[in-house]
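Below: one structure, written as structure tokens.
Note that the structure is a prediction, hence the values are computed from the model and not measured. Within every chain, numbering begins at 1; the chains are lettered A, B, ... in the order of the sequence lines, protein sequences first and strands thereafter.
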Amino acid sequence: MCLSTSSNIIKQVGYDFKNIEKKWQAYWAKNQTFKASNHSEKPKFYILDMFPYPSGAGLHVGHPLGYIASDIYARFKRHQGFNVLHPQGYDSFGLPAEQYAIQTGQHPAKTTQENIDRYRQQLDQMGFSFDWSREVRTSEPDFYKWTQWIFLLLFDHYYCKNTDKAQPISSLIALFEKHGNNKVNAVCDSSVEHFSAEQWRSMTSQQQQHLLLSYRLAYLSETEVNWCADLGTVLANDEIINGVSERGGYPVTKKKMKQWSMRIGAYAERLLQGLNQIDWPESLKEMQRNWIGKSIGAKVFFQIEGHNKKIEVFTTRPDTIFGVTFMTLAPELDLVQEITQPEQRKAVEAYIQETQKRTQRERMADVKNITGVFTGSYVLHPFTQERIPIWIGDYVLADYGTGAVMAVPCGDQRDYEFAKEFNIPIKNIFQGVSVEKEAFEDKGSTIIDHSDFLTGLAYKEAMQSVIQALEKKGCGEGTTNYRLRDAIFSRQRYWGEPIPMYYKDQLPQPLELKHLPLHLPEVEKYLPTPEGAPPLGNAPYWAWDTVNEKVVENSRIDNKSVFPLELNTMPGWAGSSWYFYRYMDASNSDTFAGKEAVKYWKEVDLYLGGSEHATGHLLYSRFWQKFLYDLELLPVEEYAKKLINQGMILGTSAFVYRKPGTQTFLSKDAIPEGVQMEPIRVDVNLVNSADELDIEAVKQWQPQFQNADFELKNGVYKVGREVEKMSKSKYNVVNPDAICEQYGADTLRMYEMFLGPIEQAKPWNTAGISGVHNFLKKYWRLFYDDQEWLVHEQQPSNKELKILHETIKKITFDIEHFSFNTCISGLMICVNELTTLKCHSKAILSPLTLLLSPFAPHLAEEIWERLGNKTDISRVEFPVFEEGYLVEDTKNYPVSFNGKMRFTLELSLQLDQKGIQEAVLNDTRTSEYLEGKTPKKWIIVPNKIINIVF
RNA sequence: GCGGGUGUGGUGAAAUUGGUAGACACGCUAGAUUUAGGAUCUAGUGCUUCACGGCGUGGGGGUUCGAGUCCCUUCACCCGCACCA
């Protein structure tokens with residue numbers, strides 16, 4: 001340690017957290033104490049936090065919760081002799097910076113940089129042990145170069161179902177040239193039809209390219225998308241909550257657009273199976289399972305009467321096929337146009353228009369209203385050849401299954417209600433069940449009836465039998481369907497990764513690795529162009545010169561050698577889908593992460609972050625991982641062995657109450673019963689812990705309160721409280737800076753952990769913070785009393801050793817189980833007991849300081865230095881628990897014989913240093929249970945039940 | 001509707017395989033000491049009763065020598081998905 005002079009700086013003998021924290025933060029930064037090496041004899045451990053989006057509001061007290069927990073664990077693992085990788089970075093592309101840019105004209109890069117600076121400053125003051133030499137930012141060209149490269153790889157691969165992995169497009173082309181697509185078993189668009197090798201060869205290059213797009217894992221297609229007009233962009237399914245946009249809560253409608261998509265559906269089964277191998281929270285895995293939505297059933301083809309086409313449906317109940325009395329198609333389906341009969345056309349057109357006009361939210365809100373129209377056409381039942389009318393109805397979703405259902409009103413409540421609404425017959429095919437009032441949906445408990453060869457069979461046999469029959473007839477087959485839909489990858493935004501593609505003859509052409517990064521161009525305006533093109537349409541230099549292989553001005557576009565570049569950018573989840581590998585080798589300019597580095601770190605051992613990313617980032621990143629694994633670029637199929645969701649810290653909003661139509665505000669406890677008041681949010685920082693409002697400050701805060709009249713009760717104005725998500729707009733954000741200033745980072749760290757279990761959501765409340773702060777002061781007083789250094793070298797007593805080893809055991813166990821709140825309790829008990837005993841023995845206090853180190857690192861380092869140590873505390877091994885110190889005296893113990901509890905008896909226990917124990921029963925009642933026998937085994941757990949086995 | 005989770009003092013919460021419920025902390029009460037940078041120390045604090053005692057982990061029932069913990073049932077709240085064929 002080279003700061004021997006600095007202890008002179010700290011003159012004060014009390015716990016001077018300000019100077020201590022400043023000193024050690026400077027020391028860690030200067031010495032790069034937490035820099036991880038890619039070469040080490042030690043075992044590795046990779047602890048990852050979900051990197052933050054650097055928003056303009058700065059860090060609030062909720063952000064650090066996960067970071068503190070992971071930091072405690074990282075420091076603990078270092079003490080245990082691991083080579084720990086604990087990096088941090090920024091997810092720095094995103095919508096808020098762009099919207100701010102639209103409003104102010106400032107370049108998003110500039111505001112992002114400012115926000116990052118502020119985040120960094122706030123993170124530093126909390127004493128995190130991040131290895132900042134590996135920082136990544138998704139908006140930096142040397143990072144997004146590799147995001148673009150992965151996109152190109154996805155574009156250049158398809159999913160082969162035979163090998164069950166991604167394969168190069170070149171191998172697909174080779175197959176097409178030999179056999180057409182007849183022998184190809186690949187995931188592709190449903191619109192792809194069979195073709196022979198001759199047909200393939202006779203296609204124009206453009207036709208071939210077009211066809212290949214139907215197979216590529218990153219592909220361009222005309223798709224129905226979620227369009228958010230207010231944001232001016234397309235949204236993915238996980239970006240829509242309750243039918244409105246996640247950001248801003250704007251309405252979302254369906255719209256057809258040419259979009260880049262990711263064929264994540266190809267990985268549906270592997271994404272599902274992979275969940276069984278990883279230690280993630282069960283609720284989160286369940287969310288992903290639901291999102292993937294696997295269902296087993298059959299597809300059935302129904303021949304359209306007087307038409308060469310068939311309607312394909314997916315059903316989980318093919319056993320009810322004889323109960324079909326109509327078909328329903330989603331109104332958006334193209335097929336609807338083809339089959340609508342002239343006499344029904346008018347009604348059908350009107351209905352389609354009506355559904356398109358409604359937003360997704362309206363459609364969702366309106367599930368009670370049953371609507372639909374008959375198309376005038378019929379299909380023929382595959383077994384009975386009966387004519388079955390084809391309807392359209394918006395209860396059928398275009399993007400699930402095939403967008404068509406075989407309606408079995410007796411077995412499905414929705415079909416039942418539709419049939420009732422439009423007077424379509426309901427055929428009962430269940431024995432001994434009434435369908436007078438509702439459909440019978442329970443598949444396990446009855447026998448099929450009136451169903452030809454299925455009559456008399458139960459669900460399971462009927463399923464098998466009908467699938468066999470369908471396959472034999474060639475009008476259906478058993479199949480598995482997934483709810484997971486391909487992910488739209490285009491965003492009509494400026495502040496995102498440019499997609500490295502240019503357009504030649506309307507077809508996308510990829511750039512090559514050597515051309516990357518394709519830099520985000522400068523634009524004058526961040527809004528869409530007047531023609532409605534994305535913001536990149538404003539860029540004057542946004543054309544690709546294929547001869548000179550560089551970006552040139554748009555005026556040179558000639559469609560011979562200079563072509564327009566893609567105007568869409570990538571979504572927010574692109575960079576976050578692989579950033580954790582970049583940390584392994586963050587400055588590598590030759591590859592996304594060097595082979596050696598990847599081989600050494602391999603995977604994330606512990607990932608910490610919020611559960612709100614369950615169906616977004618945490619699913620997409622698993623998808624990219626599997627893809628890159630298929631390409632043998634990564635060593636494992638799941639990148640995060642263990643994941644912990646930290647609960648959100650909620651805000652406690654404060655409300656004042658205005659009499660409607662007046663400027664009078666009543667104190668919460670002065671509002672008469674039954675009187676309607678208008679609650680208005682006020683800044684929580686203007687309210688003290690007793691819910692009393694600082695009235696003068698409120699008047700200063702916002703003009704609307706300047707002339708307000710506050711009616712007090714008992715001399716104070718009390719506010720109302722409500723727990724909500726912490727957000728700037730709710731004025732309930734509490735900043736960690738003030739706490740650090742007042743109590744110090746060590747107190748803040750410990751208090752956030754002491755608040756409760758890490759996974760639990762909890763409202764922020766500083767009421768108990770003094771308890772933790774007092775603990776640290778108490779701890780300090782074990783070393784200093786006024787002016788005096790109290791620590792001595794004398795042998796500790798057995799009692800003191802027992803206290804220490806109980807604490808070592810508890811802390812070690814609890815850290816491993818992420819039970820940090822009970823860890824802190826354990827430390828508090830230990831310090832209380834040592835204080836009572838007036839223990840100042842170095843042999844006790846030295847290991848205790850190590851135990852404290854993950855939680856209050858600044859204080860621990862300071863004490864460690866004052867104890868005369870020459871090494872950083874972070875390089876010292878954690879103390880080891882020794883059972884033998886837990887010696888017990890004579891005491892009353894609950895005793896059980898052969899596992900059955902009998903009595904509480906007085907025992908004296910003797911334990912040697914290894915913890916081998918012997919007990920003597922000092923009670924006459926024992927003899928009747930002993931019955932003259934000698935016990936074979938005594939199972940003795942200190943402070944617990946004594947088990948005697950004969 | 002489906003899936004997941006949670007219910008313990010005035011508050012945040014503890015309680016390894018069923019084994020002394022409420023550790024630890026906040027708050028509160030009383031006292032001591034000193035009194036102004038939010039200080040420190042001691043005692044008390046689940047409810048009820050003057051007390052002996054009785055009752056207590058959302059409610060009801062069960063298994064067990066013994067249940068916060070296991071089983072059944074019911075209620076309340078939170079989160080996710082939601083016309084998924």
Could you give all pairs that pass the side chain to side chain donor-acceptor pair (under 3.5 Å) test and reach residues 406-415 of chain A, with sequence neighbours left out? Tyr395(A)-Asp415(A), Asp412(A)-Arg414(A), Gln413(A)-Glu417(A)

How would you label the contact of Asn774(A) with the nucleic acid (heavy atoms, under 4.0 Å): base, sugar-phosphate, or nothing? sugar-phosphate

Nucleotide of A85(B), C84(B), C81(B) approaching Trp291(A) most closely (side-chain heavy atoms): C81(B)

Knowing that exactly one of Thr315(A), Leu329(A), Val396(A) qualifies, which makes a side-chain contact (heavy atoms from CB on, under 4.5 Å) with Val405(A)? Val396(A)

When the P atoms of U11(B) and U57(B) are compared, how many Å lie between them, rounded to an integer? 16 Å

In whole Å, measure the gap between the P atoms of G9(B) and G68(B) for me. 14 Å

Once you round it to whole Å, what is the distance between P of A39(B) and CG of Asp785(A)? 19 Å

On RNA chain B, more 5' by nearest nucleotide between Glu286(A) and Arg317(A) is Glu286(A)

Any side-chain N or O of Gln413(A) less than 4.0 Å from the OP1 or OP2 oxygen of A85(B)? no

Verify whether one side chain among Glu312(A) and Thr402(A) offers a donor that lies under 3.5 Å from an acceptor in the other. no

Atom CH2 of Trp764(A) and atom P of C26(B): how far apart are they, to the nearest Å? 16 Å

I'd like the P distance from G4(B) over to U48(B), given in whole Å. 40 Å

Give a yes or no on this: more than 12 heavy atoms of other residues, nucleotides or ligands lie within 6.0 Å of atom NZ of Lys294(A). yes

Neighbours of RNA chain B within residues 392-408 of chain A, by heavy-atom distance under 4.0 Å: Asp394(A), Tyr395(A), Val396(A), Leu397(A), Tyr400(A), Val405(A)

When the C1' atoms of G5(B) and G27(B) are compared, how many Å lie between them, rounded to an integer? 30 Å

Just call it for Lys809(A): base, sugar-phosphate, or nothing, with non-hydrogen atoms closer than 4.0 Å on any strand. nothing

Syn or anti for G80(B), with syn set at within 90° of 0? anti

Rounded interatomic separation in angstrom, taking CD from Gln760(A) and C1' from G7(B): 11 Å

It should be established whether Asn290(A) places a side-chain nitrogen or oxygen under 4.0 Å from OP1 or OP2 of nucleotide G4(B). no

Looking at side-chain heavy atoms only, is the closest gap between Asn481(A) and Thr316(A) below 4.5 Å? no

Closest nucleotide among U40(B), A13(B), C24(B) to the Arg781(A) side chain: U40(B)

